[in-house]
There are 2 protein chains.
Amino acid sequence: MRRRRPTIIDVAERAGVSKSTAARALANGESVLQETRDRVLAAARAVGYERNHLAVGMRSGRSGMLGLVIPDIANPFWADVARGAQDRAAKADVSLLVFSSDWDPGKEESHLRALRRARVDGAIVNPVSDALDDLNRFGLPFVLIGSSAERFADVSSVGSDISQAVELGLDHLVAKGHQAPVLIVGPRSRLARTRFLNAVQRHTIERDVDPAQMVIEDGEYTLEGGRQAMLRVLDRPRVGHISVFAANDMMAIGAMMAVRERGLRCPDDVSILGFDGIPAGAFTSPGLTTIAKPGRDIGARAVESLFDDIEGRPEHGRIYMPCRLVDRGSLADLLRQPRQLAG
Amino acid sequence: MRRRRPTIIDVAERAGVSKSTAARALANGESVLQETRDRVLAAARAVGYERNHLAVGMRSGRSGMLGLVIPDIANPFWADVARGAQDRAAKADVSLLVFSSDWDPGKEESHLRALRRARVDGAIVNPVSDALDDLNRFGLPFVLIGSSAERFADVSSVGSDISQAVELGLDHLVAKGHQAPVLIVGPRSRLARTRFLNAVQRHTIERDVDPAQMVIEDGEYTLEGGRQAMLRVLDRPRVGHISVFAANDMMAIGAMMAVRERGLRCPDDVSILGFDGIPAGAFTSPGLTTIAKPGRDIGARAVESLFDDIEGRPEHGRIYMPCRLVDRGSLADLLRQPRQLAG
DNA sequence: GTGAAAGCGCTAACAA
DNA sequence: TTGTTAGCGCTTTCAC
């Protein structure tokens, strides 16, 4: 048998005051006699009172909830983003509704609808489709996350600093004696691919290497996509050591599998550099050297940016979070072992 | 500039009816003239009406939200559970608040408080601490998930069928010629450890093997915990091939790392069987043979079970979901290579 | 400093 | 079939 949950009226009655006084005491304690306040607080504790956020939301027009829509909750990177956002939201005493669209535009749209109906105060979205227009139309404040954010010009966004990340990667490659790596990138349709390639090209030119001599292979952002792309690379005529820069850790791991399949060894015959920093990269052998995106920080910053938007100080700016290199040994040091240098 | 969001009154006015008629038309269309209904629906579409769940929640006492508290959103297994729950909830047009306690009882408690304040209609919890009593006291319907559920007698719970899973594992071990595997299990404090050990003991006796001869090592349910445990195993005096049955994939992968560290090889020198079915197990070399828990199904069933509770048909039963074996080659076939048989 | 009353958007009981 | 009304729990004027 379930008891009715105590309301502010129960508290007020027990404290012998009106409900407005009780509300004031409970809220901030302003304009309330210290003694009254204590009595109300004691009463609240006694009856086990807990403020009803639904009612508050109705009254104030603020639900105290935010939404987060990511493409894949089972991807450790996105899970990390979700955790960062969650923690930051909790600190502000706000609840976060996390939805995974599983790369399905239909699902994404229905999630967005659910968010609107739940009357979230704002949403953070990594857009798979263009349903975003809907959000805009209803005036729901939102912040974009990830690379595809660039499609929407006048919206705040948070992502990783691809340019700095690529620079970090190329520096590491050069330091180990690798010149023009093979690039394994995502599908042509994805904006992230273009951003990655542009960054590589820019930084490669800075290093006096002709970008045109770099081989590019593409595929889905998955294990299998990376594996297939690597197999194609290995099918080309080649001399000496091969270096690979993959746009995503899953692809990098797939590439590693392909190398092993062909009876070659990493890093002895093929060096591989990944991008993301997912934990699985630590379990391969050799471990995957990669550029780690600060997923958690991205989530946290996105929430902060959203708060700004909601509170009416929209920056409408892009925030780029710096990445860091994690060296786990999947790149050969060609300078110390010059016998393996490419022809 | 943000427009005020249209309410049912806007719809009613535009359709030229009262708001209750509009509500009826919008709800189920009962007791409303077909023509009126059409008019209301058209008006709703025209003004871009979207039902306010907060208001509905206030009126009906049902917020249309459920809570899910798991120990670690970054663990692929739990992410999978979350996804299963999310999808099932979405099908019933219910939102799911997902919280990760990160194994921290304090965080767990604050998440539970947040759920109560958000007035979720019920919660699914994998309890880290005993704060559950609170939930019970406030009469929030809830369903437990995972092994520790057994601590709470009169509450519905959903978990994997440990007994069947262990049987599957032992069958596989026996089929490959392994008799009494070393067991790497979790910390003594955890109920899951006991359940696992009991199941192993029971099924071992059925196979006419003396459980007493099995070596047990324990550690945290993490990569490092498994690694340390395995190092201790390798430090013991031993003869021939070693077989290991780990209670968790992360531990199993940690064990695999320890084996490599010591210059031994898996599966040639050491066979390892995991338990969970996380994707990372596919990236190790060799791939990790493991018993996969149906995380997604567990999440989905937990939601269904919770619906039952909420709608007043509490089963207060435990549901055990069957697991399946995933063979990826981390066990040597001792029967076909008898030279490696243990002494 | 405190209380009375209005109202957020909706649904359900009752009248018409 | 439709309209009127009350009220879910809370905050916030406006009096006192």
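The chains referred to below are lettered A, B, ... by the order of the sequence lines, with proteins before strands, and numbering in each begins at 1.
- Under a 3.5 Å cut-off, the side chain of E50(A) and the backbone N or O of R5(A) do not form any donor-acceptor pair.
- Sparse packing is recorded around CZ of R301(A), with 12 or fewer heavy atoms of other residues, nucleotides or ligands lying under 6.0 Å away.
- For the pair D121(A) (side chain) and L66(A) (backbone), a donor-acceptor distance under 3.5 Å is absent.
- Between the two ends of the helix from dG1(C)-dC16(D) to dA16(C)-dT1(D), each summarised by a five-pair axis, the helix axis turns through 40° (rounded to 10 degrees).
- One distance of note links CZ of R117(A) with CZ of R51(B); it measures 8.5 Å at 0.5 Å rounding.
- A salt bridge links D87(B) to R296(B): at least one charged side-chain nitrogen sits closer than 4.0 Å to a carboxylate oxygen.
- Counting to the nearest Å, the C1' atom of dC10(D) and the CZ atom of R62(A) are 16 Å from each other.
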With 3.5 Å as the limit, what N/O pairs link the protein to nucleotides 3-7 of chain D?
from   : atom 1 : to     : atom 2 : distance (Å)
dG3(D) : OP2    : S18(B) : N      : 2.9
dG3(D) : OP2    : S18(B) : OG     : 3.2
dG3(D) : OP2    : T21(B) : OG1    : 2.7
dG3(D) : N7     : R24(B) : NH2    : 3.0
dG3(D) : O6     : R24(B) : NH1    : 3.3
dT4(D) : O4     : S20(B) : OG     : 2.9
dG7(D) : N2     : R59(B) : NE     : 3.3
dG7(D) : N2     : R59(B) : NH1    : 2.9

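- With dT1(D), dC10(D), dC8(D) as the candidates, the nucleotide lying closest to the side chain of M58(B) is dC8(D).
- Distance alone, capped at 3.5 Å, is enough to place a donor-acceptor pair between the H111(A) side chain and the S100(A) backbone.
- Crowding of E311(B) atom CD: a count of heavy atoms from other residues, nucleotides or ligands under 6.0 Å exceeding 12.
- If you take CG of L26(B) and C1' of dT2(D), they are 16 Å apart, rounded to a whole angstrom.
- Rounded to an integer number of Å, the gap from CG of D38(B) to P of dT1(D) is 14 Å.
- Side chain of D102(B) to backbone of D104(B): no donor-acceptor contact under 3.5 angstrom is found.
- When the P atom of dC8(D) is taken as reference, atom CG of N52(A) falls 12 Å away, rounded to whole Å.
- Residue order along DNA chain D, read from the 5' end via each residue's closest nucleotide, puts V32(B) first among S60(B) and V32(B).
- Of all nucleotides in DNA chain C having an atom under 4.0 Å from a heavy atom of chain A, the first and last in 5' to 3' order are dG1(C) to dG9(C).
- Here the NE2 atom belonging to H53(A) is positioned 5.5 Å from the CG atom belonging to D93(A), to the nearest 0.5 angstrom.
- One atom, CZ of R39(B), and another, P of dT1(D), lie 15 Å apart when rounded to the nearest Å.
- Under the 4.0 Å criterion applied to side-chain N and carboxylate O atoms, R88(B) and E304(B) are assigned as salt-bridge partners.
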